[in-house]
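Each chain gets a letter, A, B and so on, in the order the sequences are listed, and its residues count up from 1. Model, not experiment: these values are computed from the prediction.
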Amino acid sequence: MLFTTYLSGIIEFMFCLVDGNNFYVSCERVFKPYLIGKPVIVLSNNDGCVVSRSQEAKDLGIKMGQPYHQCRRCVELNNVQVMSSNYALYADISERMMRLLQTLTPDCEVYSIDESFLYFHHTQYSSWHEQGRAIKAMIQQHLGIPVGVGFGKTKTLAKLANKLAKQAHEGVCCIHDYDLNKLLKNIALEAIWGVASGISKRLKRQGIYNAYHLREAPLRIVRSSCHSYGETLKFELMGISVIPLTCEKSPNKQIISSRSFGVGLSDKASLFGALTENIIRATEKLRAGRLKTKQWYVFLQSSRFKPGYCHHGVDIMHTHYTSVTAEIVSHSLNSMQRYVTSDHVYTKSGIILTDLQLVSQIQPTLFEPSYDRMDALMKACDDINHKWGRGTITLSQVHQPKQRWKMKQNQRSQAYSTQWNDILTVQ
DNA sequence: TCTGGGGTCCTAGGACCC
DNA sequence: TCTGGGGTCCTAGGACCC
């Protein structure tokens, strides 16, 4: 286990977590300023669940992950503005935000679409709080996105500081400016990064009820209930950095593409069309990561909320590494033939690519076919689709009749920053 | 009526070997 | 009647994250 040397007062380093507030809602507000100050929610694919809420919507009691149909009445009564998710827009704003943060320090780990860990050896400002205010102002000025900034001697403490920052510290908090003992006594276990109901239940059985208890608990106790994971949490809360910053993005270990249809489907053309769409998306990601796969899993499943739930999937082992869409489509559809009967009504399809390998590290076998021409063709298709928009060239021959599996996205905003046709017009 | 999607890491336990 | 011990590898499933 690696420990970062921590000599208080001699080395003044700090981890920092910058996190976009209500990120998807904030992205929508950048291009629709009339949404500012109003309750707004963003829905998941198929307009199924709530995945982002403005503060006003949170105050109305709308929960994260809540099915839309459950809060529809509240939405109507309070005139909540509802948006379908527009991931192209969020991903683009995210990329701009991360690029700005990378100008502050090379030690920057993009952790998710809306948050990054930064590591500072020292600050040129009068305090960490001032540094945080400067970061907030920079993101606000360049992108119009409000962020929270938290500082701590470990990633776990920075994460905690970020949470506190959003509650009552003008969006900035350095956790070491406060009486840490007192503070941790008021932090519930579930508020700690990496602790959810399962682990908290186990810790409570040992008499550990808050962050302070966990930090002070004997190693033997945390080990017995949570193995090395509990140990990591304890050290991180003590201010001893155990979870390192990982600036280099490691290659994916798996790639998933799955979608619900919105309606139940049982006809072969629609189901194979949906599966093909999944495979096209997954293989595009595969090639974008300069990877190939030798093993994958395709599946069809029915609604979990209806009686007679079924899940049918096939594990496919290929003879060699490939990233050719048509090849994966053809093997997958052949294997799924037996499950596509009129007896089954499915609502979701998907593919999981596993056994991924970087193209540069693949050792070809003596008897496998040459992929040079197919790889070149795939690259040309990807380039064209990237330049002229997804779907300009279809990567599979499967007949796609009415596209009944297409997502419901009734309230989607435009792709303001990634599609020429959607660019705002200034009068 | 309507209930998301995409990831990682860890552990227990089975299978197998000598 | 009594049925070893130590090791590796793989996988399913749990737990967590956003």
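Straight-line distance from the CG atom of A:Asn46 to the C1' atom of B:dT1: 13 Å, rounded to whole Å. Distance, A:Leu353 CG to B:dG5 C1': 15 Å, rounded to whole Å. In this entry the distance linking CG of A:Asn21 with C1' of C:dC18 reads 15 Å, nearest Å. A straight line from CH2 of A:Trp193 to P of C:dC18 spans 8 Å, rounded to a whole angstrom. Between A:Glu190 atom CD and C:dC16 atom P the separation is 9 Å, expressed in whole Å. Distance OH (A:Tyr68) to C1' (B:dT1): 13 Å, rounded to an integer number of Å. For the pair A:Lys63 NZ and B:dT3 C1', the computed distance is 17 Å after rounding to whole Å. Computed from coordinates, the A:Leu356 CG to B:dT8 P distance equals 9 Å when rounded to whole Å.
Relative ring orientation between A:Tyr309 and A:His311 is described as tilted, the plane-to-plane angle lying within the 30° to 60° band. Relative orientation of the A:Trp128 and A:Phe120 rings is tilted, given thresholds of 30° and 60° on the angle between their planes. Between A:Tyr111 and A:Phe117, the ring planes lie perpendicular to each other; the angle is over 60°, past the 30° to 60° tilted range. Relative ring orientation between A:Tyr90 and A:Tyr24 is described as parallel, the plane-to-plane angle staying below 30° on a 0-90° scale split at 30° and 60°.
Each of A:Lys253 and A:Cys49 was matched to the nucleotide of DNA chain B holding its nearest heavy atom; the match closer to the 5' end belongs to A:Cys49. Annotation: of the two residues near DNA chain B, A:Gly65 and A:His227, the 5′-most nearest-nucleotide partner is A:Gly65.
Atom CZ of A:Arg133 sits in a sparse spot, with 12 or fewer heavy atoms from other residues, nucleotides or ligands closer than 6.0 Å. No more than 12 heavy atoms of other residues, nucleotides or ligands lie within 6.0 Å of NZ in A:Lys201, so this atom counts as exposed by the packing criterion.
Note on A:Ser258: a side-chain N or O is less than 4.0 Å away from OP1 or OP2 of B:dG6. Close to B:dT8, at under 4.0 Å from its OP1 or OP2, lies no side-chain N or O of A:Ser250. For the pair A:Arg259 and B:dG6, the criterion of a side-chain N or O lying under 4.0 Å from OP1 or OP2 is met. OP1 or OP2 of B:dG5 has at least one side-chain nitrogen or oxygen of A:Ser260 nearer than 4.0 Å. The side chain of A:Lys348 contributes an N or O atom lying less than 4.0 Å from OP1 or OP2 of B:dG5.
The stretch residues 281-288 of chain A touches DNA chain B through A:Arg281, A:Lys285, each having a heavy atom within less than 4.0 Å of the strand. Of all the residues in residues 82-116 of chain A, A:Tyr111, A:Ser112, A:Asp114, A:Glu115 reach under 4.0 Å from DNA chain C with at least one non-hydrogen atom. Residues of residues 290-312 of chain A having a heavy atom closer than 4.0 Å to DNA chain C: none are found. Contact check of residues 195-224 of chain A against DNA chain B (heavy atom, cut-off under 4.0 Å) returns no residues at all.
Rounded to whole Å, the C1' atom of B:dC16 lies 16 Å from the corresponding atom of C:dG4.
Inspection of the A:Ser413 and A:Asn86 side chains reveals an N or O donor paired with an N or O acceptor under 3.5 Å. Side-chain contact of A:Arg215 with A:Asn181: a donor-acceptor pair under 3.5 Å is present, judged by distance alone. With no hydrogens or angles considered, a side-chain donor-acceptor pair links A:Glu327 and A:Thr322 at under 3.5 Å. Between the side chains of A:Ser349 and A:Asn278, at least one donor N or O lies within less than 3.5 Å of an accepting N or O. Of the N and O atoms on the side chains of A:Ser54 and A:Asn22, not one donor lies less than 3.5 Å from an acceptor on the other residue.
Listed nucleotides B:dC9, B:dT3, B:dG6 differ in distance to A:His69; the shortest reach to its side chain belongs to B:dT3. If you check B:dT11, B:dG6, B:dG5 against the side chain of A:Ser228, the one that comes closest is B:dT11.
At least one side-chain heavy atom of A:Asp375 sits less than 4.5 Å from a side-chain heavy atom of A:Lys292.
For the pair A:Lys155 and A:Phe15, the cation-pi test (distance below 6.0 Å, angle within 45°) is failed. For the pair A:Lys153 and A:Phe13, the distance from NZ or CZ to the six-membered ring centre is under 6.0 Å and the angle to the ring normal is within 45 degrees.
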Kindly indicate, with the supporting measurements, whether the criterion side-chain contact (heavy atoms from CB on, under 4.5 Å) is fulfilled by A:Lys163 and A:Ile187.
CA-CA 11 Å; A:Lys163 197 171 261 193; A:Ile187 304 283; over 6 Å; no
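Applying the side chain to side chain contact (heavy atoms under 4.5 Å, CB included) test between A:Thr293 and each of A:Thr283, A:Ile352, A:Ile328 identifies A:Ile328 as the sole match.
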State the dot-bracket string of DNA chain C. Criteria: Watson-Crick or G-U wobble, both atom distances under 3.5 angstrom; notation: ( ) intrastrand, [ ] crossing earlier pairs, | interstrand, . unpaired.
....||||||||||||||
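By the side chain to side chain donor-acceptor pair (under 3.5 Å) test, A:Asp382 pairs with A:Arg287, sequence neighbours left out.
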